[in-house]
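The shown structure was predicted, so the numbers you read here are calculated from the model rather than taken from an experiment.
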Amino acid sequence: MEVTVGLAGADHRAAEAYAPSIAAHPDLVFAGVWAPSPQDARRLAERHAVRDFARHDDLVRECDAIVYALPPATQAEFALMALGHGRAVLLGRPIAGDLAGAERLAIAARTSGAPTQMALTWRYAPAVREFLAQEVRRTRPRGGTGRCVAAPPISAPALPAERGVLRTLGPDLIDLLDAALGRALAVHARVDSSGWTGLTLEHPDGRFSEAFLFPTDDAGSHRADAEVFGPGGVAELDCAAAVGRDAYDTMIAEFVEAIHDGRPHELDVRHGLHLQQVIEEADLKVLAGQ
């Protein structure tokens, strides 16, 4: 059974990552694109010979599922409308602009029963899955570290750079450490004058991890990596290098499978709410320490 999918958003992610994977999937129909900028929507739609929708409401009515590539607060607003119509949604991270928005999305998803999924792209990459299934298990993990050095996000211009990086890259890093060590139970955070943000996460059974995030404009310094250690040794992963075209293809394929099966995905809106809770708690502690 074919699934009709619409794309909400026309930014770089939408154009270079999401749209090609949607267009390439054999069991779905790429219905079209809507974006806050009609010109951007038209350009992307023309590239894939699909319809550009004038209104988000029209996209929702014509589709079984919506893939969102919008800023978090905007995404939450529109995804609530889609869930209200029983549509499946694929959400960027974080899922909302604040914790209240994430909670509303979780409630709407539970009420509608529609499948939800998060675009935590690291988790769909074969190298990351092998790392978690083989390398991490070999270590009998007791702790870990993670690091992201990246440009301040364009989507959060009103925030200081370190808080923007925490909110946009923090979910990926926290999610990976959760997958390796168990769901984070508590978070402690600190920030220095240069913008370097450090998190200490407490995981089940006395495990712990540290995550470091730093904003930089130096493209040559961009990196994301993780290390997990235990009695069995150390496992290391270059997270940025692990993600390629196949990760996005897998993400879209699993979204379609979840819609067909009507089952919750591991990386669903409930997981998104958990990550939002950790990020919000860390952000409050960063603010308190400034």
Side-chain angles (χ1 to χ4, degrees), residues 6-18 33-37 40-41 56 59-60 65-84 87-110 114 116-124 148 150-176 178 184 187 189 197 199 211 213 215 224 248 251 255 265 267-287:
L7 178 58
D11 63 5
H12 181 77
R13 284 177 302 161
E16 303 303 324
Y18 296 175
V33 181
W34 168 85
S37 165
D40 291 344
H56 176 264
L59 183 75
V60 169
I66 311 294
V67 174
Y68 284 93
L70 298 171
T74 307
Q75 168 180 264
E77 175 188 351
F78 286 109
L80 279 173
M81 297 166 58
L83 287 167
R87 304 303 189 250
V89 295
L90 177 63
L91 303 168
R93 80 290 183 269
I95 60 173
D98 55 27
L99 184 55
E103 289 171 341
R104 286 193 292 271
L105 276 175
I107 291 169
R110 185 170 64 248
T116 61
Q117 192 170 318
M118 285 190 71
L120 292 159
T121 50
W122 294 359
R123 293 285 298 280
Y124 302 100
C148 281
I154 297 172
S155 61
L159 293 174
E162 64 274 10
R163 292 181 62 208
V165 170
L166 171 62
R167 285 180 171 272
T168 56
L169 299 181
D172 288 296
L173 199 53
I174 293 165
D175 169 66
L176 183 65
D178 267 13
V187 58
T197 301
L199 309 179
L213 302 108
Y248 294 96
M251 179 178 74
F255 186 43
H265 192 277
L267 306 177
D268 65 2
V269 72
R270 293 172 298 178
H271 186 60
L273 175 59
H274 160 68
L275 294 176
Q276 191 101 28
Q277 289 167 334
V278 175
I279 290 295
E280 294 283 343
E281 184 178 350
D283 196 34
L284 288 173
K285 290 178 178 178
V286 165
L287 284 171

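- In terms of the side chain to side chain contact (heavy atoms under 4.5 Å, CB included) criterion, residue partners of Ala35 (sequence neighbours excluded) are, by chain and number, Ala10, Ala41.
- Every residue meeting the side chain to side chain contact (heavy atoms under 4.5 Å, CB included) condition with Asp268, not counting sequence neighbours, appears here in chain and number order: Thr116, Pro264, Arg270, His271.
- With hydrogens and angles disregarded, a donor-acceptor distance shorter than 3.5 Å links the side chain of Gln117 to the backbone of Phe255.
- With sequence neighbours excluded, no residue satisfies side chain to side chain donor-acceptor pair (under 3.5 Å) with Gln277.
- Among residues two or more places apart in sequence or in another chain, the side chain to side chain contact (heavy atoms under 4.5 Å, CB included) test is passed with Ala211 by Leu173, Leu177, Leu199.
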Cut-off 3.5 Å, no hydrogens considered: what does the side-chain donor-acceptor table look like for residues 74-84, sequence neighbours left out?
| from | atom 1 | to | atom 2 | distance (Å) |
| --- | --- | --- | --- | --- |
| Gln75 | OE1 | Gly92 | N | 2.6 |
| Gln75 | NE2 | Gly92 | O | 3.2 |
| Gln75 | NE2 | Ile95 | O | 3.0 |

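- Residue pairs meeting the side-chain hydrogen bond (donor to acceptor under 3.5 Å, both in side chains) criterion with at least one partner in residues 91-109, sequence neighbours excluded, are Arg93-Asp172.
- Applying the ring-ring contact (aromatic ring centres under 6.0 Å, His included) test to Tyr68 and every residue at least two apart in sequence or in another chain returns His56.
- Within the 4.5 Å cutoff, the side chain of Leu275 has heavy atoms near those of the Asp175 side chain.
- Under the 4.5 Å side-chain criterion, counting only non-hydrogen atoms from C-beta, Leu273 is in contact with Leu99.
- Arg87 places a side-chain N or O within donor-acceptor distance of the main-chain N or O of Val60, the cut-off being under 3.5 Å.
- When side chains are defined from C-beta on, Trp34 does not count as touching Ile66, because their heavy atoms never get closer than 4.5 Å.
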